[in-house]
Amino acid sequence: MTNDSDTGRVMGRRQWLQQIGKAGGAICLLWSLGLWLREKDGRKSALPVTSVRFSNYAVPGMAGKLVAVTGGEDRSKAIGLALQALGGIEKFIRPGDQVLLKVNAAFASPPLIGATTHPALVAELIRLCLKAGASGVLVADNPINDPAGCFSLTGIDAATRAAGGSVVLPKTGDFKPLFLQGAKRLDGWPVFYEPFKKVTKLIGVAPLKDHHRSGASMTMKNWYGLLGGRRNILHQDIHRTIQELAHMVTPTFVVLDGTVAMMQNGPTGGSLSDLKQTGTMIVGTDQVAVDAFGAVLLEKDIQTLGFIRQAEAAGLGTADYRSLNPILIST
């Protein structure tokens with residue numbers, strides 16, 4: 001027979017279990033809400049992991065350098081002349097360096113369209129880096145379309161392998177949340193960090209293009225390809241996003257390929273009528289100045305390109321590229 005004290009103990013245990021159940025349910029609800037909010041904001045939901053930040057890949061004493069090579073269609077020759085004018089690739093790449101080329105391979109389109117980094121330019125940069133003693137050269141991007149297909153159709157994969165480099169295709173586990181102090185858009189955003197783990201030098205290599213939202217796609221916009229998640233929602237404040245991208249990454253140098261410029265219907269293009277032979281290769285250590293120079297080739301008013309003004313205001317470079325006394329080389 002069960003007495004009153006036994007019944008009380010049973011009821012007490014039941015109430016205790018009910019309370020535990022309610023508490024657990026509340027915790028699960030809050031956890032689910034947190035995940036939903038992060039998904040809603042475009043950030044990839046996951047168990048908490050340590051945030052990452054990118055190193056400063058600049059070479060001491062090489063800040064504020066700018067070179068433009070004009071008049072040619074040979075990308076390999078142009079990049080060689082530009083780097084010679086800066087003192088040679090050896091000024092930037094030292095024996096044992098692990099180099100990463102951040103290319104634009106966003107679309108599954110052939111080089112002729114001008115929407116992606118040209119494979120001939122990628123191959124020549126790899127050769128130059130290896131000649132300078134780099135221990136390896138990685139080539140990476142997080143394309144909008146299927147990564148393997150994009151790297152194949154753009155010709156970048158074949159060019160990389162032929163020159164002795166390695167393509168790094170993004171996988172789910174390769175992304176980590178970014179720590180970017182003061183950022184309104186990118187702090188906590190998932191970034192393609194895996195290729196950077198052993199990298200000592202970083203080179204951004206971008207085509208010169210019109211862009212229907214930002215007005216132009218150049219070297220600062222090129223870092224957009226390091227973002228994961230639903231990054232398309234960042235277009236809602238595209239100029240602030242590009243400014244934060246320039247804050248996120250300090251490269252060794254950047255290359256803006258204006259051999260051919262996509263003057264309209266960017267960033268994808270699709271017709272040769274969108275292109276113009278502008279015959280200019282721009283290389284520099286100031287991303288803002290390089291993009292300001294590129295804007296002139298695109299026949300854009302710099303004042304209409306908010307990301308350039310914002311990046312300059314944030315102290316990330318100068319929009320007055322002429323103040324850097326750029327070296328101009330005519331081929």
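Remember, predicted model here, so these are calculated numbers, not experimental data.
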Worksheet item: Can you find a side-chain donor-acceptor pair between Ser273 and Ser271 that sits under 3.5 Å?
Response: yes

Discussion item. For Asn265 versus Asp210, what's the shortest heavy-atom pair and its separation?
Written reply: N-OD2, 3.2 Å

Fill in: SB check Asp97 Arg94 (cutoff 4.0 Å)
no

Ignoring hydrogens and angles, write down the donor-acceptor pairs under 3.5 Å from the side chains of residues 313-326, residues two or more places apart or on other chains.
| residue | atom | partner | partner atom | Å |
| --- | --- | --- | --- | --- |
| Thr318 | OG1 | Asp320 | N | 3.1 |
| Ser323 | OG | Asp320 | O | 2.6 |

Worksheet entry | Pairwise distance CD1(Ile308) to CE(Met220) - rounded to 0.5 angstrom | 5.5 Å

Worksheet item: Can you check whether Asp286 reaches Val290 side chain to side chain, under 4.5 Å on heavy atoms?
Response: no

Discussion item. Side chains of Asp157 and Ser152 only: does a donor on one sit below 3.5 Å from an acceptor on the other?
Written reply: no

Discussion item. Do the side chains of Lys131 and Glu90 get close enough for a salt bridge, i.e. N-O under 4.0 angstrom?
Written reply: no

Discussion item. Surrounding CD of Glu73 (heavy atoms of other residues, nucleotides or ligands, distance under 6.0 Å), is the total greater than 12?
Written reply: no

Worksheet item: How about Pro251 and Tyr57: do any of their side-chain heavy atoms sit closer than 4.5 Å?
Response: no

Discussion item. My understanding is that only one of Leu153, Ile144, Ile113 makes a side chain to side chain contact (heavy atoms under 4.5 Å, CB included) with Phe107; could you say which?
Written reply: Ile144

Worksheet item: Taking atom types as modelled and ignoring hydrogens, do the side chains of Ser135 and Gln98 form a donor-acceptor contact shorter than 3.5 angstrom?
Response: yes

Worksheet item: What are the two closest heavy atoms between Phe151 and Pro143, and how far apart are they?
Response: CE1-CG, 4.0 Å

Worksheet item: If you take all heavy atoms of Glu244 and Ala183, which pair is closest and at what distance?
Response: OE1-CB, 3.3 Å

Item to complete: Please name all residues satisfying ring pair (Phe, Tyr, Trp, His ring centres under 6.0 Å) with His235, sequence neighbours left out, ordered by chain then number.
Response: His211, Tyr224

Worksheet item: Rounded to the nearest 0.5 Å, how far apart are CG of Leu208 and CG of Leu297?
Response: 6.0 Å

Fill in: Student check: side-chain heavy atoms of Val199 and Val99 closer than 4.5 Å
no

Discussion item. Would you say Thr116 and Asn104 are linked by a side-chain donor-acceptor pair, where the criterion is simply a distance under 3.5 Å?
Written reply: no

Discussion item. Please confirm whether the ring centroid of Phe92 lies under 6.0 Å from the ring centroid of Phe253.
Written reply: yes

